[in-house]
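The sequence lines fix the lettering, A, B, ..., with proteins before strands; numbering per chain opens at 1. Because the structure is a prediction, the values reported are computed rather than measured.
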Protein chains: 2
Amino acid sequence: MILSASPATLPTDDETALRRTPSQKRSRERVEQILACATALIQEKGSDAMRMSEVAEKAGISIGSLYQYFPDKAAIVRTLAERYNAVCNECIAAELAKVTSIAELRDAFSLLFDIYYDMFLAEPVMRDIWSAMQADKALREIDLAQSRAGGKLLADVWARLVPDTPREEIDSAAFLIMHLGDCTMRLAVSVDRAEGDRIVEAFKRMTIKDFVADGPRGGAGSIDNAMTRS
Amino acid sequence: MILSASPATLPTDDETALRRTPSQKRSRERVEQILACATALIQEKGSDAMRMSEVAEKAGISIGSLYQYFPDKAAIVRTLAERYNAVCNECIAAELAKVTSIAELRDAFSLLFDIYYDMFLAEPVMRDIWSAMQADKALREIDLAQSRAGGKLLADVWARLVPDTPREEIDSAAFLIMHLGDCTMRLAVSVDRAEGDRIVEAFKRMTIKDFVADGPRGGAGSIDNAMTRS
DNA sequence: TTGCAAATGTGAGCGATGCTCATATTTGTT
DNA sequence: AACAAATATGAGCATCGCTCACATTTGCAA
């Protein structure tokens, strides 16, 4: 599991998500333990079926203690979501940093979605959390913020490569692509593996055509550029 | 509102969703009234915050009567979802029926997503239902079935136009495009109108490039066809 | 019209669950 | 040792989906 493997390198919890900032060592450990137990329970039965009483019991603490740190059940899920996002962000930033040409952008994008797909396949908890997303408004906002952040990274690169396209258009297209990447992953892992693979490939081809055609508006390479623009 | 405007032309309720098939006129009216009140409440406060007691009260019936027809709260939402789907299906089938060339397919697709976008903009209840989707497994399956159904319509047309592409690949790509269409609509209506418009346009361009390049695999029109295939 | 079974209606209340709060215990500091 | 701040506790409250035993209405045959 991504999170438990290297908790030290991950960002500290968003303070807004915690009810009380743990100042003593014992309580800081307890927060980590709560998150670990919640992760295990989500893996076992899903975030929806996860009971706060179960989390407390598994962590060996009382219900009251649980609520000392997390204002509500959703806050636990949100904290985990933000940690997963941080991992994704590092991947995206690392891959896009190297890009200096459209061909490289295409390759980076292809690789990025392979990595992303592997993560989704390997992390049932991550999948569950994104499934629960729609039910929680705050979680949805975290998700969109994530797509915006990734989209901005992509748009910065993209804008440099196709300087004649309006920035607004680039931003919206990059935001959309990042978001649809998420959607594609969720879809791909919900069907059988063979179809999941075909779906991910189809998505990559679709988006890559966007790049090869020199930007979101379609460039000289696109046959029907004039018609599409009208 | 789509549903209340022409309830007679809509498909009768999926029998599996109803606990008891209403045989008398009174109860059939009651089912419709329940759905109408539920729609109003979802519009007002969202399906999550909608209380069964409120639905009963607004419909002027008892809690018990409510549960005579709908086995649970989700069943009400599901029934509404299926009605919205039926409307969408008719649109898709109607537009795709006319298509005999790739250019026509492109135009039909463009028009289809404009219609779809308008529906999403005009129907807050529809939006809410799709947001609640992830929380309900059965609802998610309805959604995927819908994408599969639309995808099949698209794949049939597509396969005729690009006969050399493996059918499996076409099916997966068409399924993906339909699903991503949904995702794009949900995203577009969750941001401000100007950005929503740009997002829908970006999606259409992305998918249209897919068609113009002669199929999901990319055809002779695609510059880097050989590279993409490898 | 009357009688009767099937259909439909009712709402008190059960069970489950997220969460609170008054109180008890532990920790760090002087 | 004393004390305040931090932390821990769990009985119990409030909410909500849903059930069930019983009442009422409807359609129909005699």
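Screening A:Leu154, A:Val157, A:Asp107, A:Leu153 against A:Val99 for a side chain to side chain contact (heavy atoms under 4.5 Å, CB included) leaves a single residue, A:Val157.
Applying the side chain to side chain donor-acceptor pair (under 3.5 Å) criterion to A:Gln33, with sequence neighbours excluded, gives no partner residue. With sequence neighbours excluded, the residues satisfying side-chain contact (heavy atoms from CB on, under 4.5 Å) with A:Lys152 are A:Asp156, A:Arg167.
A cation-pi geometry, defined here as NZ or CZ lying under 6.0 Å from the six-membered ring centre and within 45° of its normal, does not hold between B:Arg127 and B:Phe120.
At whole-Å resolution of the value, CZ in B:Phe70 and P in C:dG9 are 12 Å apart. Taking atom NZ on B:Lys73 and atom P on D:dT15, their separation rounds to 15 Å, with Å as the unit. Rounding to whole angstrom units, CZ of residue A:Arg28 and C1' of D:dA8 are separated by 17 Å. For the pair A:Asp72 CG and C:dG18 C1', the computed distance is 9 Å after rounding to whole Å. Atom CE in A:Met52 sits about 15 Å away from atom P in D:dT9, given to the nearest Å. Note: CD (A:Glu57) to P (C:dG18) measures 13 Å, nearest angstrom. Rounded to an integer number of Å, the gap from CD1 of A:Ile34 to C1' of C:dC19 is 14 Å. Between A:Glu54 atom CD and C:dA16 atom C1' the separation is 12 Å, expressed in whole Å.
With salt bridges taken as basic N to acidic carboxylate O contacts below 4.0 Å, none links A:Arg78 and A:Glu141. No salt bridge links B:Arg51 with B:Glu44; every basic N to acidic carboxylate O contact stays at or beyond 4.0 Å.
Listed by residue number, B:Ile63, B:Tyr67 are the residues of residues 59-68 of chain B with a heavy-atom contact under 4.0 Å to DNA chain D.
Considering only side-chain N and O atoms, A:Arg51 lies under 4.0 angstrom from the phosphate OP1 or OP2 of C:dG18. Under 4.0 angstrom from either OP1 or OP2 of D:dT25 there lies no side-chain N or O belonging to B:Arg30.
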